[in-house]
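Report on the structure given below.
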Amino acid sequence: MSIIVRLNDAVCLEIIDHYSISNFELTCVPIQVARSFVGRWFGLEGSGATKERAGSRFTIELRAGLTTWAAMAYIISVNASILSDSGGPCVCTSEDLCVTDNDYLLCVSEVRQDLITSTAAISALSSFLMGLLANLPVGLAPGLGLNAYFAYSVVGFHGSKGMITYREALAAVFLEGWIFLFLSIIGLRQWLVRIMPQSLVLAVGAGIGLFIAFIGLSANGLGVIGGDTVNFVGLGGCTADHFKDNLPNYCASGVLRSPTMWLGIFTGGIFTLVLMMYRVRGAILIGILLTSIISWPRPTPVTYFPHTETGDALFDYFKQVVNFHKLKRVGNALDYNYGNGRVWYALITFLYVDILGMTLYSMAKFAGLRDPVTFDFEGSTFAYCVDAFSISMGALMGVSPVTAYIESATGISEGGKTGITAMTVGVMFFVSVFFAPIFASIPSWATGGALTIVGSLMIRNVTGINWNYIGDAVPAFLTIIIIPLTYNIAYGVIAGILSYILLNGIPLILKKVSGGRLVPADYELAEEWVIPPGGITPPWVYVKFLLCVCYVFNRTFTGAG
């Protein structure tokens, strides 16, 4: 006789482990997964694995993955729009940048459709590998900021005023990925993060929280914040007829009157927060989906498809539902012109931004996976290798460098702790390749509330920063404030590191020169900086090296096979 019992996981474990049930077969569905090969591979709670992840459940991981994907799905259309501004491989010879050249614009339109497919495809591949090999709940996709630098600085709008061509830029990204892979294998990338002072590490997490909250509140989210020609930023939320001098999201009047903004605030923000207060599972995902569904009907003030030329085009694309677009122009479009010095300049820029970017490390810490002694996190070598490999594969698909996404924090907040979360993100992006019209139609105001909420959760890192000593407090503050203001995580990290070296290096030199007599006030309150245990190179590299040496020695001196 068999009875299927769906109980709380903890209850199932207690019954199975501590009670003997005769004549009945007790089947606890979630526990079956935990105690399978899948559960042991990912360390689900109850799997019996050496390093179980406390609180991890298969169903929770799936929901967390859906939440992360929903928060990241906007990148499909956003990345395609930004990169297509470069013109891709299309060639423009007109002085007016071909803005009125219908043939050129048609080519750019085909490039954008290609990039929608390639963005979803590389996001699927990289996220799935991150989950499978590194067992981290982190989604990957072409990075925001990096794509803008690629399109507007390296290549230039429609290929004008840029350093190199689109094809050469892809070649730079391709080589950068392999260099990054080498640095990850030898452990240099991981070591650079581990030796950072802990106040700076915490500051990066808090700065990222402000960054994604700013994105959530700005025009790429709820639209509460807009541009200001006097103060750089100001209140937004006005309708298009109140834009100043035809500048999108610069409000001349009528601020905070946009119906889509208020829809996002109440359904994606307040409603989501109320659900979270009552610990409703999937609260963030529910808020995103509810806001999107309300925004899809056309004859409403909050529609994502207004009766305009742009709205009609979006709605026509949305109605296709299923549409697979083959890569016609951006696939394997690299120009390996490494004799051009500008290619190397672009490569070095991409490389240092990826090396100093700490999103992956911060997400691992946010998920509670960082070792408190070594400051490393589980699967770090595999994680950085997957990141690097994905950068090169993305270049072959025509996109800018791939990176870990701060939106992963939404899934982690939903309980994601293992690679199943990232693999779910990957599967959903793979589905997006075929259902791009639907997934590209999640409006920005649907995800803006989620980003703002997650930012508020990540800012709690500031409580662990050493604010009692200037040498620790000021570098941490600069890191926190510069990340959102420059729209770049690497710039904040650079500011923090340089200010930390100056504010702590100068007193250290003066202390040595004066024989310990000249020290700053409150010097005893300074955070102690130590190099964590363990060297630069991962242990498995030494093991492989020794095996190779033994093999060569055996072949050379004994002639054995």
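Along the sequence shown, residues carry numbers from 1.
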Beyond-backbone contact of Ser413 with Thr410, side-chain heavy atoms, under 4.5 angstrom: no
Partner of Thr421 under side-chain hydrogen bond (donor to acceptor under 3.5 Å, both in side chains), chosen from Glu61, Arg63, Glu414: Glu61
Closest contact, heavy atoms only, Ala395 versus Val173: CB-CG1, 4.0 Å
Verdict with supporting geometry, Thr68 and Ser408, side-chain hydrogen bond (donor to acceptor under 3.5 Å, both in side chains): CA-CA 5 Å; Thr68 297; Ser408 301; 5.4 Å; no
Which pairs would a plain distance check flag for residues 123-144, meaning a side-chain donor or acceptor within less than 3.5 Å of a matching protein atom at least two apart in sequence or in another chain?
| residue | atom | partner | partner atom | Å |
| --- | --- | --- | --- | --- |
| Ser123 | OG | Thr119 | O | 2.7 |
| Ser126 | OG | Ile122 | O | 2.7 |
| Ser126 | OG | Ser123 | O | 3.4 |
| Ser127 | OG | Ser123 | O | 2.9 |
| Ser127 | OG | Leu140 | N | 2.9 |
| Ser127 | OG | Leu140 | O | 3.1 |
| Asn135 | OD1 | Gly419 | N | 2.6 |
| Asn135 | ND2 | Phe42 | O | 3.2 |

Taking every non-hydrogen atom, the tightest pair across Ser258 and Thr260: OG-OG1, 2.9 Å
Nearest-0.5 Å distance, CD1 of residue Ile286 to OG1 of residue Thr267: 12.5 Å
Residues in side chain to side chain donor-acceptor pair (under 3.5 Å) contact with Glu527, at least two apart in sequence or another chain: Ser199
Shortest non-hydrogen separation from Asp114 to Lys326 and the atoms involved: OD1-O, 3.3 Å
Under 3.5 Å: donor-acceptor pair, side chain of Ser432, backbone of Phe435: no
Under 3.5 Å: donor-acceptor pair, side chain of Ser456, backbone of Ile453: yes
Trp467 (side chain) donor-acceptor with Val462 (main chain) under 3.5 angstrom: yes
Closest contact, heavy atoms only, Gly398 versus Leu115: O-CD2, 3.4 Å
Pro297 backbone acceptor or donor facing Thr303 side chain under 3.5 Å: yes
Geometric class of the Phe318/Trp296 ring pair [parallel <30°, tilted 30-60°, perpendicular >60°]: tilted
Test item: Ser392 side-chain N/O and Phe389 main-chain N/O as donor-acceptor pair under 3.5 Å: no
Intermediate values then yes/no, side-chain hydrogen bond (donor to acceptor under 3.5 Å, both in side chains), Ser295 and Trp445: CA-CA 9 Å; Ser295 301; Trp445 55 85; 2.9 Å; yes
Nearest atoms (heavy-atom pairs only) where Arg370 meets Val201: NH1-CG1, 3.9 Å
Closest non-hydrogen atom pair, Ser400 against Asn147: OG-CB, 3.3 Å
Note, Ile483 side chain near Tyr491 side chain (heavy atom, < 4.5 Å): no
Just list the side-chain donor-acceptor pairs under 3.5 Å for residues 203-218, sequence neighbours left out, or say none.
| residue | atom | partner | partner atom | Å |
| --- | --- | --- | --- | --- |
| Ser218 | OG | Phe214 | O | 3.2 |
| Ser218 | OG | Ile215 | O | 3.0 |

Candidate pair Arg112 and Leu83, rule side-chain contact (heavy atoms from CB on, under 4.5 Å), full reasoning: CA-CA 8 Å; Arg112 185 178 185 278; Leu83 292 183; over 6 Å; no
